[in-house]
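Only one structure is covered here, and it is reproduced in the block below.
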Amino acid sequence: MRYIPNSPEERQEMLHALGLNSAEELFDSIPADALLRGPLKTPAALSEIELLERFESLAAKNAAARRPSFLGAGAYSHYAPTIVDSLIQRSEFFTAYTPYQPEISQGTLQAIFEFQTLVCQLTGMDVANASMYDGSTAMAEAVLMAERVTRRSRVLVSAAVHPEYMQVTETYVAHAGIELGRLGVDAETGRTAFDDAALDKTVAAVVVQSPNFFGCVEDLKALADRAHAAGALLVVVVTESASLGLLRSPGACGADIVAAEGQSLGVPLSFGGPYVGLFATREQYARQMPGRLVGIAYDREGRRGFVLTLATREQHIRREKATSNICTNEGLIALAATIYMTTLGRKGLQEVAAQCAQKAAYARRRIAAVEGFSLPFSAPVFNEFVVRAPVEAAGLLRRLAAEHNLTGGLALSPFFPERPNDFLVCVTETNKRGEIDALAAGLGTA
Amino acid sequence: MRYIPNSPEERQEMLHALGLNSAEELFDSIPADALLRGPLKTPAALSEIELLERFESLAAKNAAARRPSFLGAGAYSHYAPTIVDSLIQRSEFFTAYTPYQPEISQGTLQAIFEFQTLVCQLTGMDVANASMYDGSTAMAEAVLMAERVTRRSRVLVSAAVHPEYMQVTETYVAHAGIELGRLGVDAETGRTAFDDAALDKTVAAVVVQSPNFFGCVEDLKALADRAHAAGALLVVVVTESASLGLLRSPGACGADIVAAEGQSLGVPLSFGGPYVGLFATREQYARQMPGRLVGIAYDREGRRGFVLTLATREQHIRREKATSNICTNEGLIALAATIYMTTLGRKGLQEVAAQCAQKAAYARRRIAAVEGFSLPFSAPVFNEFVVRAPVEAAGLLRRLAAEHNLTGGLALSPFFPERPNDFLVCVTETNKRGEIDALAAGLGTA
Amino acid sequence: MDKKATPHITQNEALIFERSQTGRCGYRLPALDVEETPLDELLPADLRREDDLEGVPELSEPDVVRHFTRISTWNYNIDLGLYPLGSCTMKYNSRLNERVARIPGFANLHPLADVEDAQGALEVMHELQQHLAEITGLPGISLQPAAGAHGEMTGVMMIRAFLDARDGAGVEEGDKRRRVMLIPDSAHGTNPASAHLSGFNVKAIRSTSEGLTDLTHLRELCASGDVAGLMLTNPNTCGIFERNIREICRIVHEAGGLVYMDGANMNALVGVARPGDMGVDVIHLNLHKTFSTPHGGGGPGSGPCCCTSELEPFLPVPRVTREGERFRLDSERPQTVGRVKAFYGNFGMHLRALSYILTHGNDGLREATEAAVLNARFIADSLSDTFDKPFDSPPMHEVLFTDKRQTRKGVHTLDIAKRLIDFGFHPMTIYFPLIVQGAMLIEPTESVGRAELQQFVEAMKEIAREAIEDADTVLNAPHTTRIGRLDEAAAARKPVLRWRPAEKTATA
Amino acid sequence: MDKKATPHITQNEALIFERSQTGRCGYRLPALDVEETPLDELLPADLRREDDLEGVPELSEPDVVRHFTRISTWNYNIDLGLYPLGSCTMKYNSRLNERVARIPGFANLHPLADVEDAQGALEVMHELQQHLAEITGLPGISLQPAAGAHGEMTGVMMIRAFLDARDGAGVEEGDKRRRVMLIPDSAHGTNPASAHLSGFNVKAIRSTSEGLTDLTHLRELCASGDVAGLMLTNPNTCGIFERNIREICRIVHEAGGLVYMDGANMNALVGVARPGDMGVDVIHLNLHKTFSTPHGGGGPGSGPCCCTSELEPFLPVPRVTREGERFRLDSERPQTVGRVKAFYGNFGMHLRALSYILTHGNDGLREATEAAVLNARFIADSLSDTFDKPFDSPPMHEVLFTDKRQTRKGVHTLDIAKRLIDFGFHPMTIYFPLIVQGAMLIEPTESVGRAELQQFVEAMKEIAREAIEDADTVLNAPHTTRIGRLDEAAAARKPVLRWRPAEKTATA
Ligand SMILES: Cc1ncc(COP(=O)(O)O)c(C=O)c1O
Ligand SMILES: Cc1ncc(COP(=O)(O)O)c(C=O)c1O
C-alpha cells in the first residue's frame, strides 16, 4: 500500500526482530473467535487515476452543483478568495493536531486567537470561543449554557429559528431538564411574535434568529430589553454571518449569547459540512462557555505566546462536570473564516453585505412584479425572503429546475406544511443580475 | 489594487516624507516627452470572480483538452500523482528565486542535486545540469557543446529528429560557425540511415533521437561506435523520457551527451510549456556544460550543504565567454520531475514504461487490422508509431475528431509533405483500452 | 537569547490586527449590477451597524498571505515528521483526499438541493456507510455526528432511547429507569461528558494492574440493576486490547445494559477484528483518526455512529437510504433520538474517508493496521529498558510508558515531552490516561518508516541519558523553538481571550 | 553548535537516495487492460535496460511528502518576507494566477492539437501580445522565448537579420557586416553572452560617474561604422533611468545600428513610460519579474520579445495572429530568425501574466509601478546616511549601495548580506552591477508595506552599527540557519555533482 512506508520485507524483518513469525501474532491478545476470518468485503484498492474517475463521475450526478441557485436557509453561496483555500492547505495548518503543545503550535494558536477576536468584532460580543461544530450545535450549547448561567430551566425559542437548529436543540436538551417553549411568528411582519405572558421568572433565555429563517431581520433590541426585564438571557442565532457586515451586531442590541453559523465566511457549501459554529458571549459568562479558548501567555523571557486556557471548563479535566463534551471542533474551518475575514477586511465585509442586500432588494422587486407572486412578510430583510406563489411551491421549483436550469429556492412546505405555496429565496453577491432576471422570468412561466 | 500593501493614503504620506508632492515626481528623470500621456489602453481591473469566469470560458474553447487523445510528438499525456503539484505549490518552492544565497536556499539546492542525480540515473550518464529550457534548446546547446569539446564544426543530425528541435538548433547555431548536415531515414525500418561517407574528421557530433520522431527505437550502440570511430560525439535526443524506464539508457549505449525533454515526468501538457530540458554528459565534459550545476559543499562545522558551482562556465562570471547565455532555467519544473521520479520510484517508472509499450503494441495490432491501414516502419517502437492511412491523414483525423470525439494522432504532412497519408499515434498508460478500440473502430469508418 | 538573536521578522509576526493599516484592501467584488436601492429603503438605520466594523483589520492580499504563511511555520505538522500523539492516530493525510473533497460537483453542492439533483453525494454517503458497517460489523449507521464526542453523545442517547423503549418506562417513572453509565477510569474525558449530556450518572470502573477493565468491579456495579450500559475503549487508552471483551459484553448484556465502544482506537483493528463480532452494540468512529481525514489544528472531525440492527431505529435522522438505484434522505423514523446536527454531517470528511478506504482497498486496510501495530510494538520493545512500562501486555497500536524512572532526578513527563521537540519530534500524548502517573502514550501509526522510528527511539534514549547526566537541559527544554514554555497558570488566572485596540483587554 | 542542538530530524533530512528502502512503493497504476505482449516481442533484449534502474529511489508516498516538505522549510520565500534582490523583481506571486494556469482546459491541452480545437489558448496568447504591445509601445511580439536571456538572444538575432536584410550583405561579405554589439559595462552577464551566441563581438561602453551610459564613449564606438546595435537596460542596473535615452537611441540609429532594451527593469516603467516611445527597437520582458509569474527557485521564466513594425518580419515563428474571430499559428514568415523553442513558449506563464494584467487593470499597473518606485526611494532615503550610495540620482525601482563605509572594519557586502538573514530578510543582490565595488542592489518591489520596509531599514542600520561595534557577529553570520557559510571554492575545485551509492562520487 503506497501510503505505508515500511515495505512488506521491512515489516517481516521487524517482526522477526520482535521474535514474531507473522503479522497475525501481533493480534494474539484478541480472542480467536473475535478475529475476522477472511478479508473485509470492501472493494479492492484503486489507483489515483481510477479513484478520481470514480469521484468525478459521482460528482457529475450532483446536477444542483452546476446550476445558478437561490438556496440559502443556513448555507450560503458566497465567493471565497483563492488564498483562503491555498493557505489552509499548507501542511503546517491542515495536518496539525489540536494545539496541545504550545511551543510548536503557535501558528494554530495565534490564528484561533485572531478568530476569537474577529468573531467578537463581528457579533459585537466580548469573548468568543475557538469554534463549535456548526451553527445548530452552537445554538444547542447556548441553550445549555443559558441554563447554567441562570439556573432556570425554561427556554423560549422563536418559531422563526431554522427548523433544523430547533431539532438539534431538542435533541441536545432532551435529557438536561430543560423545557423548550415556542414563540410564534407574526403572520404579517414575519418577525417573532412576543408573548409576554410566557416570559416569567422560570425562563432562562429567549432564543431568536436574525435574520430569521424567513429572512426577516428581528428587532433584537426590543427582544433583549424584554428578556432582560424578566431576568432571562437573549440568545441570538445567526445563520447568515455575511449579514453582520451590514446589520447592527447582536452585541450592540443587547444579546447575551450569540450562536452563529460561520459558513458564509469563506467556507464551501460542501453538501452541508464541514462548517463552523461561532459562539460568543459577554465577559462575565466566559467561564460558563463551552468549547476551547485560546488566551495570551508569556514565556520566561517575557515573549508573548498563546495557549489553550480555562481548560477547567472542559471534558479532559472536568469529565462529566464539563461545560460541554466537545473536544475536536472545527479548527481548520475557523482558520478559513479567519483568513476570509482578514482578506475582505473591514470594507470588504461591508461591501459583500451591501451587495447581498442590494441584489436581494432587486430580486424582491422583480419577483413581486411577476403576476400572481407576492411577498407575504413586511419586515426588513437582508438577503433572504419568502415568496408566495400562486401554485404549490415544491412543484413550481422542480419545473423551474427542469425547464430553466435554475434552483429557485427552498419550498417551505417540508418544514411548514401550512405554507404550501411559500418558498424561501436567497440572493448573494454571486448571483448575477441575469440570473435574477431569469428567475423572475422563469417563475412567470414555470 | 489589492496586491499592493501600501494604501493610497500611506503612499501619499511616504511621498511627503520624501519631499515629493505627487507620484508623478518619482519619474522626474524620465524625459517629459517619453512619458505616457493618459492611461494604458489595457482593460480595467477584474475581480477574482470575473477573472475566473473569463479564463474558464477561454479554456472551454479548447475542445482538444477534453478529448481522448493519441497525440505525442514531443509532449505526452502521462499521469502525475497529486502530490507532485501539491508539493511544488508550497510557497517555499514556488516563490523562491534562484538559490544565490545557499544558507536560505538549501531546499531548492538539495532538490536540484537530487534532480541532477536522477537525470544521470535515467540517462545512464555521469553528470547532469540543473535543467535547460526544454528538450529542443537542450539539443541546440548539445550541438554547441559538441563543437566546444571537439573543436570541430560539422554536425550530422538525423532526419528523424523532431522537426521543431531541428529548427531550433538551426536558429541557435546559425551564427556559431557550425554546419548542420542531415542523416536520412531508412524507408523500411524508420531508423536513421547512416552515411559513413559523411562521417569524416570534421564532424563534431552525430545527433539522433531515440525513440525517434517516428517512434522507432534507434540502434544507439551501433551509432555510438561509428561516431566514436570518427572521433565524433554521439548526442542522443529523447523527447519521450518515459521510455527511459524500459529502453537501454543512452549512457549504456555510449552516448556522450543526452539532451532530453522531461515533460513526461509529471509535467502537464499546458499547450507546450513550461517543460524542462534534461542535459547530461560524461564526467570529462562537465566543465563544458551549459547551465547551472549544483554541487556538495561544507560549512565550517563540516555540515554538508549544496551550492551552485562551476559558475566560471556561466554568463554572470564569464559574460560573452560563457558556455551558454542561459540564466533562469526551469527550476520548478525540474522539481516537479524530481518529485514525480521519486514517487514512482524504480518500479513505478518501469511499470509506466511497460504499460505504455504494452498499450502501444495493442494499438498497433488493432490499427494494423483495420482495412486499408498499415504500419510503414519495421523497427521496434516504444509508445509511438506511424500509421499509413488509405486516405489523406489530416482530413481523416479531422473527421475522427468531429465524428468520434477522438484526437487520433498527428498528421505528418505539415512536417513531411511527402507523407500525406501518414500519421503518428502515441499511446500512454492513460489511454484506456476502450479508447484504443474506439480509435481502431473510428479509423475504419471515418 | 544571546546577541546573535535578532528581531527576526518571520519569527516575530504580530497579530493580524496589529498589522492592519487603514485603507488597505485585499478584496475586489464585481461592480454591483443592479439598480441601487437607497440604504434607508433597504434597512432602517436602527437595524444597521453603527460601528463601521471598527477593529476588523484592513490588509492587502500579500499582507494576509505573509501573515498566515509566517505563523504557519510555527506549527509542527505530520508532513514534517512523526506526530506520535497517543489516541490521536496522526497518520498521513493524503493530498489525493483533499483533491477529491474539492471537486466542484461536491464542494458547490447545497445541502438543501433536491435529492434528485444530489444523488452523487448521497451515493458517496451510502457507500461509506456500507464500508463502515462492514469494517465495524455493525449494520446501522449515521454519518451525522461531527466528531468523536458528538458520536458518543449520539450513541449513548440511542442506548437511552432503546432502553426506554424496551423497558416501556413512561415519563413519570423517569427516576426508575436505567440511568447509570459505567465508564473505566482510563477513559477519555469526552466519555463521561457525553454520558452526562445524555442524562446519565457516570460510575467509574477500576482498571486492573494489567491495565484492563476490572471484571469483578464491573460485575459488582452491574449488580445494582440501574446500569444502562458501559462505554469502553478497545484497545483501551493504555493501548491494550481488552481480551475479555466478550465476557465484558456478556456481563453488561446480562445486566440489561448495552455496550458502547469508543472507536478512537480502531486503527488497531480495521480489517483484523470487528467490534460487532465482539458483542459491542454501538460505536463511534473517528474518521479524523482511523480514516485519515486531516485534523486541521483541531478539526473538523467526523464521528459516525454504527450500531446493531436492534438500535438502528434510534439513529439520528435523516438517514441516507437506498431504494433500487436511487438514494433518499429518510426522516420517517419515529424512534429516532432526533437530529444532532443541521444537514447531514461533515460531508467533506465523508468524501475523504471514502477516498481513504478505496485507495487502500480491503487488503490495504488490514495492511495499515498491521503496520501500525507493528510500529508500536517496535517502540515498546526498543524503549522498555529505558522507560517504565506500567503494563506488561504487548501493546496494540500505541504504547504507554511513564516517567517513573526519570522522576528521581526531577525530570517529569512534561520535560521529556518538551525535550523531544528539540529532536524534531512532536511529543507523545502526556498525562493521559489518568490512571498511571506521568503517562506517556505513544502512537506512531503506520505512516512512519523504520528509520524514523529508530531516530525517535534514539531521541528518547538520549533524553533518558540527559535526565541523569544533564537534567537542566531537559528541564529547560525546548531550546529550539521561537518561544519557551508558556506560563499557562498565569494565563488562566487572568485570561486575555481577544485582542483589543490599545490597552483594552478582555479578562474573564 | 552548543549542546542544546541535537540531530533534529527535520533539520537533517538526508538525500532522497539515502532515504530509499528496497520494496517501498509510492505509486499505483490501474491494471493493464490489454492483452500482454511478451517482452521480447515488444522490444529485443539489447534495446532494453539492463540495470533495473538501480539507484533510483524506492519510497512510499508519505516518505516523499515528508522529504520535500522538510527540505522546503530550508528555503526563504516571498510569502515569508521581503526578498529585495535587485534586478529580480521578487513581487507577490498571486495564488489566483496559479489557479488560472491549472484550469484543465489549459493544463491538459496538447500543443499539437488542431488550432481549431485550441482557440482559447491562442486567444490567451493573442490578448497577452496585445497588452504587452501596448505596455511597451512596440507592436511586434513573440511569446516564444522561455526566459530573459532567451529573449535577448532572439532580439539580437532579429537585429542581425534586419541589418543583413537592410544592408543586403551576402554570405561572402560576412566579415564586412555590422558585427559589433555595444553593451554597457554595468549590464547583466546574459547580455554579452546572448550577443556572443548571436555571433556579435561585444564592446563595452563605460558608465559615467553618475551611473549613466557615457555618451562620449558611445559616440566614439559608434563612429567605427561596424556597430550593429546597443543593448541597454533602462532603468539601468544601478537603478537609474537613462535620462539621455532619446539621445542614445539617436546616436545608435544615426550610426546605422538598432537599440535593444533589456526589459528586466520594466517594473519601473509599466504604465508610466514606454520603451517604444523612447526610440527602442526591440525589448524583451521578463514575465517572471515584472508580471509576477513565480520564479520557482530558478524558473520557469518567460521572455517575450517586443519590437517595432520594421523588425516584426524577423520575429520567431510560429506567430499567433488573428483573422476575424479566429486565431492562427502563422509560420509563413520568410524573414524570420527561425524558431527558438519547440511549440510556443512557456504558455503556463503567459496565462499567469495575462491574469496579472487583468487583475491589476490599467490603473493598477501604473499604481504598482508607482508603489515600487516609491518603496525604493524610501529605502534610498532611509539608508543613504548609513551606507555609501555611489550615485546621486534618485533611484527608480531599485537602489544601489556599496560597502565602502563598512570595509574599514573588514565588513564586506557578503557579510552584510549574510547578516541580513538573521533579521529574517533575504539579502539584496550583491556584487552586481560590476562597475561599483561591493555593490548592494536593493529592489523592494511594490509588494511590501511601509512597516516591513521600516524593519528592513532598521536591520540594515543595526548591521552597520554592528560592523563598527561587533564586527565578528557580522563576519560570522548567518547565525540562525541550519548551516553556516559554505566553502564554495572547495566545492568548485573538486565538484561533487551527483549522489552515488557508497563512495563513488562524480568529480569533474
Ligand atoms: C479515546 C478517545 N475518545 C474520544 C475522543 C474524542 O473525539 P473527538 O475529539 O473527535 O471529539 C478522543 C479524541 O481526542 C479519544 O482519544
Ligand atoms: C538585468 C537582467 N538582464 C537579464 C536577465 C536574464 O533574465 P533570465 O534570467 O530570465 O534569463 C536578468 C535576470 O537575472 C537581469 O536581471
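Note on naming: letters A, B, ... go to the chains in the order of the sequence lines (proteins, then strands), and numbering restarts at 1 for each one.
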Relative to chain C, which segment of [X] carries a heavy atom at a distance below 4.5 Å: side chain, backbone, both, or neither?
| X | result |
| --- | --- |
| A:Leu15 | both |
| A:Ser29 | both |
| A:Arg66 | neither |
| A:Ala111 | both |
| A:Leu87 | side chain |
| A:Glu56 | both |
| A:Leu71 | both |

- Start with the C-alpha distance between A:Arg248 and C:Asp46, add both sets of side-chain angles, then the distance that settles salt bridge (charged side-chain N to carboxylate O under 4.0 Å, His left out), and finish with yes or no. CA-CA 7 Å; A:Arg248 183 154 307 179; C:Asp46 63 347; over 6 Å; no

Check ion pair [X]-[Y] (N to O, under 4.0 angstrom):
| X | Y | value |
| --- | --- | --- |
| A:Asp134 | C:Lys341 | yes |
| C:Glu123 | A:Lys61 | yes |
| C:Glu58 | A:Lys347 | no |
| A:Arg398 | C:Glu116 | no |

Here the gap from A:Tyr172 atom OH to C:Met153 atom CE, rounded to the nearest 0.5 Å, amounts to 4.0 Å

A:Ala96 and C:Asn75 have their tightest heavy-atom pair at CB-ND2, 4.3 Å

- Message: Please verify the inter-ring angle class for A:Phe271 with C:Tyr344; under 30° counts as parallel, over 60° as perpendicular, anything in between as tilted.
- Response: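 Correct class here is tilted.
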
query = Between C:His295 and A:Tyr97, what is the ring plane arrangement, given parallel below 30°, perpendicular above 60°, and tilted in between?
reply =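 Tilted: the ring planes of C:His295 and A:Tyr97 meet at 30° to 60°.
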
For residues A:Tyr133 and C:His150, establish whether the separation of their ring centroids is below 6.0 Å.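 Yes, they do, as the ring centres are separated by less than 6.0 Å.
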
- Item | Side-chain heavy-atom pair C:Ser194, A:Gln315 within 4.5 angstrom cut-off |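 The answer is no, as the side chains (C-beta and beyond) never meet within the 4.5 Å cut-off.
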
query: Do C:Glu446 and A:Asn6 meet the criterion of a side-chain donor-acceptor pair at a distance under 3.5 Å?
result: no

